[in-house]
Amino acid sequence: MLDKTDFYFRIYPNPVREKISLEINLITDKPLQCCLYNCYGKKVREEITAAGPGNFTLEFTTEFLSTGIYLMSISDGTNKKTKKLIIKD
């Protein structure tokens, strides 16, 4: 269950080859910072998006990424959530 300051996201497909979708359920209208990090902690992609409360989907191309494990981190300035992403060839 989400509280008034929380959000939820899921990544699909995972593992992925060419494109991922982030399904986000946002409770507030805060801007979100979405960052993708490689296994060494280097930021390889960043998107900042503003969306109102509710469900929405962001899509990211992953063709430029090497095969491996990455971390997708999403923050609304107060809360931060991170999930593992696997890029396959």
*Taking the side chain as C-beta and beyond, is there a heavy-atom pair between Leu32 and Ile48 under 4.5 Å?*
no
*Check: Ser21 side chain, Glu59 main-chain N or O, donor-acceptor pair, under 3.5 Å*: no
*Going through the checks in order, is the side-chain contact (heavy atoms from CB on, under 4.5 Å) test met by Lys30 and Thr78?*
CA-CA 9 Å; Lys30 293 181 180 180; Thr78 304; 2.7 Å; yes
*Go through Leu65 and Arg45 one step at a time and tell me if the side-chain contact (heavy atoms from CB on, under 4.5 Å) criterion holds.*
CA-CA 10 Å; Leu65 298 172; Arg45 175 104 190 240; over 6 Å; no
*Starting at SG of Cys35, measure out to CE of Met72 and round the result to the nearest 0.5 Å.*
8.5 Å
*Nearest 0.5 Å please: distance from the CG atom of Asn38 over to the CG atom of Leu85.*
12.0 Å
*How long is the span from the OH atom in Tyr70 to the OG1 atom in Thr62, to the nearest 0.5 Å?*
9.0 Å
*In this structure, are over 12 heavy atoms from other groups packed under 6.0 Å from Asp89 atom CG?*
no
*Is the count of non-hydrogen atoms from other residues, nucleotides or ligands lying under 6.0 Å from Phe64 atom CZ greater than 12?*
yes
_Test side-chain contact (heavy atoms from CB on, under 4.5 Å) applied to Ile74 and Phe7, step by step_ = CA-CA 9 Å; Ile74 299 182; Phe7 63 91; 3.7 Å; yes
*Give, for atom OH of Tyr12 and atom OG1 of Thr57, the distance between the pair rounded to the nearest 0.5 Å.*
4.5 Å
_Crowding at NZ, Lys19 (>12 non-hydrogen neighbours, <6.0 Å)_ = no
*Take Phe60 and Cys34 through the side-chain contact (heavy atoms from CB on, under 4.5 Å) test and state the conclusion after the steps.*
CA-CA 10 Å; Phe60 290 89; Cys34 305; 4.1 Å; yes
*Are the side chain of Asn14 and the backbone N or O of Lys84 linked by a donor-acceptor pair below 3.5 Å?*
yes
_Measuring from atom CD of Glu18 to atom CD of Glu63, what distance do you get when rounded to the nearest 0.5 angstrom?_
5.0 Å
*asked:* What's the separation between atom OG1 in Thr28 and atom CG in Asn79, rounded to the nearest 0.5 Å?
replied: 8.5 Å
*asked:* Is it the case that atom NZ in Lys83 sees more than 12 heavy atoms from other parts of the structure closer than 6.0 Å?
replied: yes
